[in-house]
2 protein chains.
Amino acid sequence: MPGRRRREGIPCRPRWKRGLRLVLRPSLLLMLAEHDSHGYELMEQLTTLGFDNECLDSSVIYRDLRDMEEMGFIRSFWDEEDSKGPKRRVYQIKEQGWERLEDWLEGLDQLREQITDLSARYQKLKGVKGKS
Amino acid sequence: MPGRRRREGIPCRPRWKRGLRLVLRPSLLLMLAEHDSHGYELMEQLTTLGFDNECLDSSVIYRDLRDMEEMGFIRSFWDEEDSKGPKRRVYQIKEQGWERLEDWLEGLDQLREQITDLSARYQKLKGVKGKS
DNA sequence: CCATCTATTGACAAATTGCAGTTAGACAGG
DNA sequence: CCTGTCTAACTGCAATTTGTCAATAGATGG
């Protein structure tokens, strides 16, 4: 009945989803850059990018895809081929999507550096504390 | 009049504030781990951790400090010494704060790895596209 | 006494998220 | 035929988080 891919009643270490969400859009866009795909497949493939399926509600993925379509980064159409099961909405990256992907990755790279610095500073602090 | 540190009317490259916010709490906590401090000082020191003051409304910092106090990671008291200017609320890290800092940094490290993977996969893809 | 800098707080609209539910085709087993 | 399960996509809403603006207030310099 649920129609979604998520263990029920499990909280999923509270607020780290938030961080993961930041890379979700870029991740989806990258996968679409690799090849056209539909929501359900993307959702399953997200594990290859470090996501934990048990903790990601499928509605989030569909919603993000919709949003990205509205923003003009991707386009979609209903799958022509009769694959068994319900119809699939296949997404395809657009030129604007490539540009945005590049932007996003640049931003994420900055974030990565920030984390590196933060971590280094923490290690240094621990070193000082440890010696005293 | 404004009482806050922010250029007015400047949008600040739209959606990357969101990413920065993810490291804000850990950053504040780290700075407090280094030494006790008050909101205004912390705000100014944030540039040393890659934040852009022009893009961060001070109310955000104060709010986060308050939240962290409520969560039991830090404590605060009004500054006794008569430094000129208005009174300062000085924050101090608690034992629980050290623990949480460690947790947060661990989470951020995972995020860093995720970004690294994502980036690598993008570079690989560009390589393939370039050669064809 | 007026502007400016330091310092903190409050209030509210807008955006984001989590969670649960709905629809629906296909297929397998009893 | 009925039931359950898997695939697939979508909707609605309450709760949380965030962005932005405004208010307050001591001190200082002209």
Side-chain angles (χ1 to χ4, degrees), chain A residues 1-22 24-25 28 37-45 52-71 76-79 81-91, chain B residues 1-25 28 37-46 52-71 76-79 81-91:
Chain A
M1 233 166 241
R4 81 198 112 105
R5 257 210 173 294
R6 233 192 118 256
R7 253 181 326 193
E8 282 167 75
I10 290 153
C12 288
R13 70 220 143 125
R15 51 209 86 261
W16 283 111
K17 283 196 256 194
R18 240 157 214 86
L20 296 184
R21 295 301 306 284
L22 200 130
L24 181 59
R25 271 173 170 80
L28 291 171
S37 187
H38 58 99
Y40 200 84
E41 189 185 34
L42 289 166
M43 188 175 59
E44 304 216 299
Q45 294 291 304
D52 181 5
N53 269 353
E54 313 293 322
C55 286
L56 252 184
D57 193 285
S58 63
S59 70
V60 171
I61 284 126
Y62 290 114
R63 189 156 48 191
D64 276 356
L65 288 169
R66 287 268 146 150
D67 290 349
M68 288 198 289
E69 183 169 23
E70 219 174 301
M71 292 187 278
S76 77
F77 45 88
W78 289 102
D79 198 359
E81 308 173 51
D82 58 304
S83 50
K84 46 237 144 207
K87 279 204 173 177
R88 303 160 161 181
R89 181 186 291 279
V90 176
Y91 288 93
Chain B
M1 233 173 248
R4 83 198 110 105
R5 259 210 170 295
R6 232 191 117 256
R7 256 179 326 192
E8 281 166 75
I10 290 152
C12 287
R13 42 185 186 155
R15 52 217 92 253
W16 284 110
K17 283 199 259 194
R18 235 157 215 89
L20 297 184
R21 294 300 307 285
L22 201 131
V23 272
L24 181 58
R25 271 173 170 81
L28 291 171
S37 187
H38 57 99
Y40 200 84
E41 190 185 32
L42 289 166
M43 185 176 62
E44 302 216 300
Q45 294 291 303
L46 276 175
D52 181 4
N53 271 353
E54 314 293 322
C55 287
L56 250 185
D57 193 286
S58 63
S59 70
V60 173
I61 285 128
Y62 289 110
R63 188 159 49 192
D64 277 356
L65 288 170
R66 285 273 146 145
D67 290 348
M68 288 199 288
E69 184 169 22
E70 221 174 300
M71 292 186 276
S76 77
F77 45 88
W78 288 102
D79 197 359
E81 306 174 52
D82 58 302
S83 53
K84 46 238 146 208
K87 279 204 173 178
R88 302 161 163 180
R89 181 185 289 279
V90 176
Y91 287 93

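Computation of the quantities below employed the complete heavy-atom set of this structure, encompassing side-chain atoms and omitting hydrogens, waters and symmetry-equivalent molecules. Since we're looking at a predicted model, the values are computed, not measured. The sequence lines fix the lettering, A, B, ..., with proteins before strands; numbering per chain opens at 1.
The separation between B:Ile61 atom CD1 and C:dT6 atom P is 14 Å, rounded to whole Å. Put simply, CG on B:Leu24 is 13 Å from C1' on D:dT17, counting in whole angstrom units. We find that CE of A:Met43 is positioned 9 Å from C1' of D:dT7, with the value rounded to whole Å. For the pair B:Asp52 CG and D:dG19 P, the interatomic distance rounds to 14 Å; values are reported in whole Å. If you measure from atom CD of B:Glu44 to atom C1' of C:dA7, you get 11 Å, rounded to the nearest angstrom. Taking atom CG on B:Leu42 and atom P on C:dT6, their separation rounds to 15 Å, with Å as the unit. In this structure, OH of A:Tyr40 is placed 15 Å from P of D:dC10, rounded to the nearest angstrom. For the pair A:Leu65 CG and D:dT11 P, the computed distance is 13 Å after rounding to whole Å.
The residue among A:Arg25 and B:Val60 whose nearest nucleotide of DNA chain C is located toward the 5' end is B:Val60. Comparing A:Pro86 and B:Pro86 by the nucleotide of DNA chain D whose heavy atom lies nearest to each, the residue mapping closer to the 5' end is A:Pro86. When the nearest nucleotides of DNA chain C are assigned to A:Gly85 and A:Asp64 by heavy-atom distance, the more 5′-ward of the two goes with A:Asp64.
Taking the side chain as every heavy atom from C-beta outward, B:Met71 and B:Arg66 never approach each other to under 4.5 Å. Contact check for B:Tyr91 versus B:Glu69: side-chain heavy atoms found under the 4.5 Å cut-off. The shortest side-chain heavy-atom distance between A:Val60 and A:Asp64 falls under the 4.5 Å cut-off.
In the set C:dT9, D:dC10, D:dG19, D:dC10 carries the atom at the smallest distance from any side-chain atom of A:Tyr91. Of the candidates D:dA9, D:dG19, D:dC21, D:dG19 carries the atom nearest the B:Arg63 side chain, counting heavy atoms from C-beta on. When distances run from any side-chain atom of A:Asp57 to the nucleotides C:dT8, C:dA20, C:dT17, the shortest one goes to C:dA20. For B:Arg21, whose side chain is taken as the heavy atoms from C-beta onward, the closest listed nucleotide among D:dA8, D:dT18, C:dA7 is D:dT18.
Remark: B:Arg88 is not in phosphate contact with D:dG26, judged by side-chain N or O atoms under 4.0 Å from OP1 or OP2. For B:Tyr62 and C:dT8, the shortest distance from a side-chain N or O to OP1 or OP2 is below 4.0 Å. For the pair B:Arg66 and C:dT9, the criterion of a side-chain N or O lying under 4.0 Å from OP1 or OP2 is met. Within the structure, a side-chain polar atom (N or O) of B:Arg89 is placed less than 4.0 Å from OP1 or OP2 of C:dT9.
Taking the salt bridge (charged side-chain N to carboxylate O under 4.0 Å, His left out) definition, one finds that A:Arg89 meets it with nothing, sequence neighbours left out. Remark: A:Asp79 engages no residue in a side-chain hydrogen bond (donor to acceptor under 3.5 Å, both in side chains) (not counting sequence neighbours).
For D:dT20, the base has a donor-acceptor partner in the side chain of B:Ser59 [N/O atoms by modelled type, under 3.5 angstrom].
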